[in-house]
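For clarity, every value in this text was computed on a predicted model and none was experimentally measured. Chain letters run A, B, ... following the sequence lines, proteins first and then strands; every chain starts at 1.
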Number of protein chains: 2
Amino acid sequence: MQRALLRRSAPLAQQAAAAFDSQLAARSAPLLQRLDRSMSCVTIPPPACMLRPLEVPLRYLFGPGPSNVPPRILAAQGRPIIGHLHPEMYTIMNDIQRGIQYIFQTENNMTIAMSGSGHAAMECAVFNAVEPGESVLVAVNGIWGERVAEIAERMGANVHRMVKAPGGYFSNKEIEQAVKKHKPVLFFLTHGESSAGLCHPVDGIGDICRKHNCLFLVDTVASLGAAPIFMDKQNIDILYSGSQKALNAPPGTAPISFSERACHKMFNRKTKPVSYLFDMTHLSNYWGCDGQPARLYHHTGPVSGFFALRESLAIIAEKGLEESWRKHKEVAGYLYRGLGDLGLKLFIPEADLRLPSVTTIAIPDGYNWRELLAYIMKHHQMEMTGGLGPSIGMVIRIGLMGYNCEKSNVDMALHALADALKNCKKRRKKKKKKR
Amino acid sequence: MQRALLRRSAPLAQQAAAAFDSQLAARSAPLLQRLDRSMSCVTIPPPACMLRPLEVPLRYLFGPGPSNVPPRILAAQGRPIIGHLHPEMYTIMNDIQRGIQYIFQTENNMTIAMSGSGHAAMECAVFNAVEPGESVLVAVNGIWGERVAEIAERMGANVHRMVKAPGGYFSNKEIEQAVKKHKPVLFFLTHGESSAGLCHPVDGIGDICRKHNCLFLVDTVASLGAAPIFMDKQNIDILYSGSQKALNAPPGTAPISFSERACHKMFNRKTKPVSYLFDMTHLSNYWGCDGQPARLYHHTGPVSGFFALRESLAIIAEKGLEESWRKHKEVAGYLYRGLGDLGLKLFIPEADLRLPSVTTIAIPDGYNWRELLAYIMKHHQMEMTGGLGPSIGMVIRIGLMGYNCEKSNVDMALHALADALKNCKKRRKKKKKKR
């Protein structure tokens with residue numbers, strides 16, 4: 001079997017293995033009875049659900065992510081794996097590093113992908129840049145700021161929140177006043193606040209942070225590849241994202257990059273970060289960023305996830321970032337017009353503050369948003385979502401990112417929405433109260 | 001494109017997308033020049049390495065893992081994804097939970113898979129079960145104990161180590177004495193110490209821990225599916241493993257289970273765990289283990305990784321655990337005899353203490369182990385590895401796990417080893433010193 005796998009092409013080997021495996025499944029019950037059980041005293045039997053095949057329905061993923069994964073990325077992810085410490089794997093990781101540098105527009109050497117979701121990058125950023133007792137300032141205008149504040153509090157930071165309602169944004173003046181007041185070592189801002197559909201302006205904030213000797217941490221999970229960001233030019237010290245939004249890879253990896261200022265802070269700390277797994281002294285070695293000749297074992301990276309991430313970055317490199325930004329803006333504009341034609345109101349009134357990847361719609365008067373979404377999933381196999389955290393009950397969200405960012409998909413989404421609005425009849429006030 | 005993807009079968013859609021993508025690549029350079037750059041001031045160009053195709057060589061992964069992934073699991077992982085919070089995804093996660101309960105031989109409701117490697121499970125176990133200042137006892141006889149000790153120290157535990165040389169093991173009497181002395185809230189032991197090739201006896205230790213009101217934490221990353229473990233019968237309170245060993249899935253997910261005693265301790269703590277991402281109050285809800293009607297968003301799980309993990313657990317459920325254990329024992333025995341015929345000495349002298357999934361060989365006198373391994377990789381495209389942590393320079397490791405656990409693979413591995421021993425001539429002592 002093994003020899004066959006490595007010699008034949010993958011599809012052939014897959015067919016052979018599938019045939020073999022179904023034989024196994026068919027005879028598994030009598031086989032179990034024939035076994036010598038002397039090694040064991042198994043009392044928990046194989047669960048019946050595990051003897052049924054995996055079922056995965058096809059869905060249009062038009063929510064805030066994960067987004068549909070293009071076949072080219074799925075194919076990369078489905079390739080036979082190699083070892084996480086093989087030289088060929090290091091080449092792939094080096095390519096990923098260069099791809100992230102491009103999409104972040106940074107020359108930072110300290111640029112890697114986390115073995116985990118955007119939350120892993122979030123924790124990595126905070127755990128490494130902050131020591132217990134240090135002051136952290138967090139801009140909260142949706143869910144992500146709240147998350148970062150919670151993470152920083154858990155690791156012992158002295159957290160200060162600047163709070164606005166979902167969709168609100170902070171002027172540079174407000175930010176500078178708060179930085180002056182709280183003297184944080186780190187200021188956090190979400191570039192793409194997906195819970196509210198806001199794309200926050202970033203220009204000038206990095207300069208404020210430098211002036212006041214504070215690191216500038218920015219979350220671009222929902223915006224990367226969809227809206228311009230320039231890590232170096234905008235003086236962002238730590239930038240991270242996720243794989244499953246405009247990058248279109250499956251969830252499970254998360255690009256992150258650190259400026260020299262951030263490196264200086266994190267590699268001159270008095271205490272070790274609380275997490276061994278997210279410690280950048282180890283991760284920087286694993287990714288070959290620390291100048292050491294040997295890359296040592298730290299943890300086992302998600303080999304297939306890195307194949308997929310590399311492919312997703314390659315697609316953007318081939319297209320060009322500008323083209324990706326232009327396309328998201330154009331398709332989002334097309335969606336806004338269609339929503340207007342349906343009589344729907346966008347949640348973010350200022351067009352230039354809208355996140356091109358995730359559009360938020362104010363819930364139309366008298367409708368139950370859960371009912372609308374359930375109707376769309378049931379009748380159109382299409383995911384749209386409600387709000388998240390503080391925006392729950394305020395918005396419906398449509399995400400058209402990367403591969404899904406096409407006018408034809410806008411048409412489908414609008415058709416589904418129109419159908420739902422027609423069929424999920426408005427509730428009279430009296431009925432509403434009963435529920 | 002999107003419509004086409006969801007209607008056609010995956011292979012057809014992949015071909016179409018590949019053709020489309022290669023057209024894109026061919027015209028990417030002129031396209032970039034034609035673009036309206038008014039949105040951007042891109043200064044970092046697309047890296048040349050990202051415009052080349054992904055290259056992944058085929059390798060026999062006969063090291064301590066990751067192991068070769070069978071085509072059936074790769075195919076599961078390559079399927080179009082769905083949302084991480086869709087009802088169908090919850091069904092898949094529920095199946096995974098049942099599969100882990102079977103392979104762990106436990107009825108624990110608090111059984112999940114981490115969105116991360118075995119290290120994520122390690123940190124999850126320690127972060128949730130221990131509060132700062134509490135006493136933790138760690139058995140160190142290879143690398144994994146050292147890792148857990150470091151993790152516990154970072155989160156503020158009072159760590160006590162019991163240390164033996166790699167391959168050494170602890171008697172129940174020694175363990176009970178240490179537990180009495182240090183009064184830990186948690187005792188850690190590695191079941192499959194892959195750095196030394198040791199499979200540590202577990203019987204009776206859970207009882208000692210109960211008697212002294214201490215939780216028993218066991219690492220089965222390298223042993224699960226290859227050597228018997230009975231979480232409930234052996235009174236193990238927290239058990240975790242990894243996806244990429246005998247389970248044969250790609251790295252990136254990690255099964256973990258908590259007993260009622262462990263749940264009682266971790267859900268009645270005074271402080272929050274340092275990690276938000278690994279907090280079991282959130283993860284237990286995400287996995288539907290907390291009895292709450294709604295499973296709320298916490299982080300984005302690795303959807304494709306869960307498809308792969310489910311498939312790997314299904315394969316073991318179909319085969320039966322006993323058959324998997326029997327096969328690993330049989331194939332390991334066949335390997336031991338072959339190694340003996342080559343004049344090689346096993347690192348663990350006691351046959352019944354050897355880890356069936358990973359076999360350790362004492363480095364043959366006068367050979368340079370790095371040279372042997374490099375020869376085998378170069379001439380046989382086969383990974384075997386050296387030691388890890390304290391066993392570096394002491395052993396060569398051959399892993400034949402799950403799908404790779406076949407006598408035909410033993411033959412290939414022995415052939416490669418014999419060839420290397422013949423061609424990597426013994427070094428005279430003088431030469432050795434020069435290096």
*Asks:* Mind checking the CD-CG spacing from Glu55(B) to Asp95(A)? Nearest 0.5 Å is all I need.
*Replies:* 9.5 Å
*Asks:* Quick check: closest heavy atoms across Phe278(A) and Leu277(B), and the distance to 0.1 Å?
*Replies:* CZ-CD2, 4.0 Å
*Asks:* What part of Ala120(B) lies closer than 4.5 angstrom to a heavy atom of chain A: side chain, backbone, both or neither?
*Replies:* both
*Asks:* For salt bridge (charged side-chain N to carboxylate O under 4.0 Å, His left out), just list the numbers for Glu153(A) and Lys272(B), CA-CA rounded to whole Å, side-chain angles, deciding distance to a tenth of an Å, and then say yes or no.
*Replies:* CA-CA 10 Å; Glu153(A) 278 169 349; Lys272(B) 283 185 182 179; 6.0 Å; no
*Asks:* Any side-chain heavy atom of Pro47(A) sitting closer than 4.5 Å to one from Gln101(B)?
*Replies:* no
*Asks:* With a 4.5 angstrom heavy-atom cut-off, could you sort out which part of Ser67(B) is near chain A: side chain, backbone, both or neither?
*Replies:* backbone
*Asks:* Looking at every non-hydrogen atom in both residues, tell me the closest pair between Pro66(B) and Ile82(A) and how far apart they are.
*Replies:* CG-O, 4.1 Å
*Asks:* Are any of the side-chain heavy atoms of Met50(B) and Glu318(A) separated by less than 4.5 Å?
*Replies:* no
*Asks:* Is it the side chain or the backbone of Phe127(B) that comes within 4.5 Å of chain A heavy atoms, both, or neither?
*Replies:* side chain
*Asks:* Using non-hydrogen atoms only, which part of Thr106(B) is less than 4.5 Å away from chain A: side chain, backbone, both, or neither?
*Replies:* backbone
*Asks:* Please state whether the side chain, the backbone, both or neither of Leu388(B) comes within less than 4.5 Å of a heavy atom of chain A.
*Replies:* side chain
*Asks:* Roughly how far, to the nearest 0.5 Å, is CZ of Arg154(B) from CE of Met155(A)?
*Replies:* 12.0 Å
*Asks:* If you define the side chain from C-beta out and look only at heavy atoms, does anything of Leu61(B) sit under 4.5 Å from His86(A)?
*Replies:* yes
*Asks:* Could you tell me the separation between the CD1 atom of Ile92(B) and the SG atom of Cys49(A), rounded to the nearest 0.5 Å?
*Replies:* 11.5 Å
*Asks:* Side chains of Val303(B) and Gln244(A), heavy atoms from C-beta outward: is any pair under 4.5 Å?
*Replies:* no
*Asks:* Should the pair His299(A) and His119(B) be assigned to parallel (<30°), tilted (30 to 60°) or perpendicular (>60°) ring geometry?
*Replies:* perpendicular
*Asks:* Output yes when a side-chain donor or acceptor of Lys233(A) lies under 3.5 Å from a complementary backbone atom of Cys41(B), and no otherwise.
*Replies:* yes
*Asks:* Need one label for Met377(B): side chain, backbone, both or neither, based on atoms under 4.5 Å from any heavy atom in chain A.
*Replies:* side chain
*Asks:* Does a side-chain heavy-atom distance below 4.5 Å link Ser304(A) with Gln77(B)?
*Replies:* yes
*Asks:* In Å, rounded to the nearest 0.5 Å, how long is the span from CZ of Arg59(B) to CD1 of Ile81(A)?
*Replies:* 12.5 Å
*Asks:* Between Gln105(A) (side chain) and Val42(B) (backbone), is there a donor-acceptor pair under 3.5 Å?
*Replies:* no
*Asks:* Any chance you could lay out the side chain to side chain contact (heavy atoms under 4.5 Å, CB included) test for Val126(A) and Tyr276(B), step after step, and finish with the verdict?
*Replies:* CA-CA 12 Å; Val126(A) 175; Tyr276(B) 172 84; over 6 Å; no
*Asks:* Looking only at heavy atoms, what is the nearest atom pair of His298(B) and Arg147(A), with distance?
*Replies:* O-NH1, 2.6 Å
*Asks:* What part of Glu311(A) gets closer than 4.5 Å to chain B, counting heavy atoms only: side chain, backbone, both or neither?
*Replies:* side chain
*Asks:* Do Asn68(A) and Pro80(B) touch side chain to side chain, with heavy atoms closer than 4.5 Å?
*Replies:* no
*Asks:* Using every non-hydrogen atom in the two residues, find where Leu54(B) and Arg79(A) come nearest and quote the distance to one decimal.
*Replies:* O-NH1, 3.3 Å
*Asks:* Using heavy-atom distances under 4.5 Å, tell me whether Pro45(B) contacts chain A through its side chain, its backbone, both, or neither.
*Replies:* backbone
